[in-house]
Peer 1: 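Input: one structure, supplied below.
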Amino acid sequence: TQLLEQSPQFLSIQEGENLTVYCNSSSVFSSLQWYRQEPGEGPVLLVTVVTGGEVKKLKRLTFQFGDARKDSSLHITAAQPGDTGLYLCAGARGDYKLSFGAGTTVTVRA
Amino acid sequence: KAGVTQTPRYLIKTRGQQVTLSCSPISGHRSVSWYQQTPGQGLQFLFEYFSETQRNKGNFPGRFSGRQFSNSRSEMNVSTLELGDSALYLCASTGLGIKETQYFGPGTRLLVL
């Protein structure tokens, strides 16, 4: 059983559309990270959120950490083909052991 | 600043053999974590080292072991390889900023035949 549940598992959209990926848990996390991974490569860090209710924006990407620090979302505005990849959320609970969600595979069609 | 480096990038072994993977963290990072990634199980935590000591351990059998050197470089060893050990092995180092943020290397793709 995954500590972090990500949804949806797969997402295929047209260039220019918006998308949202969700990461939910019944556990409280001290911080939550989002990564993007391309085939055969390691995950690349997008953002770390640490405060309940925190919203961080990175160009067209908006990340939100839930008030109770149990869930998070990633919203992409006007998606581009370069946004294609596996999006992973990972939570930490005060130690250096990250628990990962199963990931959301995003495909943006040109 | 150079990122996390892992060697080798690809490896093919046969059942019963052993393998050693290497990871060099970002300069100044002292914590190194190892993960196994497979299509079925996703990313699973193996262990974490800090100042040459194993600080955290995941739920993997004793065939999986690691160590860290005084320069923070780390190695992971898998003995008596099984077909199910085929995976992407990822190493991550922890930064000087937010302490739980991990930066990943490109991984070592291990194929066990």
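Chain identifiers are assigned alphabetically (A, B, ...) following the order of the sequence lines, protein sequences preceding nucleic acid strands; residue numbering begins at 1 within each chain.
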Peer 1: Side chain from CB out, backbone as N, CA, C, O: work out which of these in B/Tyr35 comes under 4.5 Å of a heavy atom of chain A, or both, or neither.
Peer 2: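 Side chain only.
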Peer 1: More than 12 heavy atoms of other residues, nucleotides or ligands under 6.0 Å from OH of A/Tyr22: is that the case?
Peer 2: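 Atom OH in A/Tyr22 is not packed in, count stays at 12 or less.
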Peer 1: Membership question, hydrophobic clusters at under 4.5 Å side-chain separation (ILVMFWY): are A/Ile76 and A/Phe10 in the same one?
Peer 2: no
Peer 1: Got a sec: does the CD of A/Gln14 have more than 12 other heavy atoms crowding it under 6.0 Å?
Peer 2: yes
Peer 1: Hey, which of A/Pro43, A/Gly42, A/Gly40 has the most heavy atom pairs under 4.5 Å with chain B?
Peer 2: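 Ranked by contacts with chain B, first place is A/Pro43.
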Peer 1: Do any of residues 102-110 of chain A come closer than 4.5 Å to chain B, heavy atom to heavy atom, and if so which ones, in number order?
Peer 2: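 So no residue qualifies.
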Peer 1: Please classify the contact between A/Leu98 and chain B as side chain, backbone, both or neither, with a heavy-atom cut-off of under 4.5 Å.
Peer 2: both
Peer 1: Would you say NZ of A/Lys57 has more than 12 non-hydrogen atoms from neighbouring residues, nucleotides or ligands within 6.0 angstrom?
Peer 2: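 For A/Lys57, atom NZ is not crowded (no more than 12 foreign heavy atoms under 6.0 Å).
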Peer 1: In this structure, would B/Tyr49 and B/Phe60 fall into the same cluster of hydrophobic residues linked by side-chain contacts under 4.5 Å?
Peer 2: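 The answer is yes; both residues are in one hydrophobic cluster.
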Peer 1: With a 4.5 angstrom heavy-atom cut-off, which part of B/Leu90 approaches chain A: side chain, backbone, both or neither?
Peer 2: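 When you check distances to chain A, only side chain atoms of B/Leu90 fall under 4.5 Å.
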Peer 1: In the single-linkage hydrophobic clustering (I, L, V, M, F, W, Y; side-chain heavy atoms under 4.5 Å), do A/Val55 and A/Leu46 co-cluster?
Peer 2: no
Peer 1: Within the structure provided, determine whether B/Leu88 and A/Glu41 are in side-chain contact (heavy-atom separation under 4.5 Å).
Peer 2: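 They are not in side-chain contact.
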Peer 1: Please tell me whether B/Phe69 and B/Val32 are part of a single hydrophobic cluster in this structure, the criterion being side-chain heavy atoms less than 4.5 Å apart.
Peer 2: no
Peer 1: Taking everything shown except A/Gln80 itself, do over 12 heavy atoms lie less than 6.0 Å from its CD?
Peer 2: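 Yes - once you tally the heavy atoms of other residues, nucleotides and ligands closer than 6.0 Å, there are more than 12.
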Peer 1: Side chains of B/Gln37 and A/Phe100, heavy atoms from C-beta outward: is any pair under 4.5 Å?
Peer 2: no
Peer 1: Taking everything shown except B/Asn59 itself, do over 12 heavy atoms lie less than 6.0 Å from its CG?
Peer 2: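 Open.
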Peer 1: Mind checking whether B/Phe104 and A/Val44 have side chains closer than 4.5 Å, heavy atoms only?
Peer 2: no
Peer 1: Applying the 4.5 Å side-chain criterion to the ILVMFWY set and letting contacts propagate, would B/Leu43 and A/Leu45 be lumped into a single cluster?
Peer 2: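 Yes, it is one cluster - the side chains of B/Leu43 and A/Leu45 are joined through contacts under 4.5 Å.
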Peer 1: Within residues 4-17 of chain B, which residues come under 4.5 Å of chain A, heavy atom to heavy atom?
Peer 2: B/Arg9
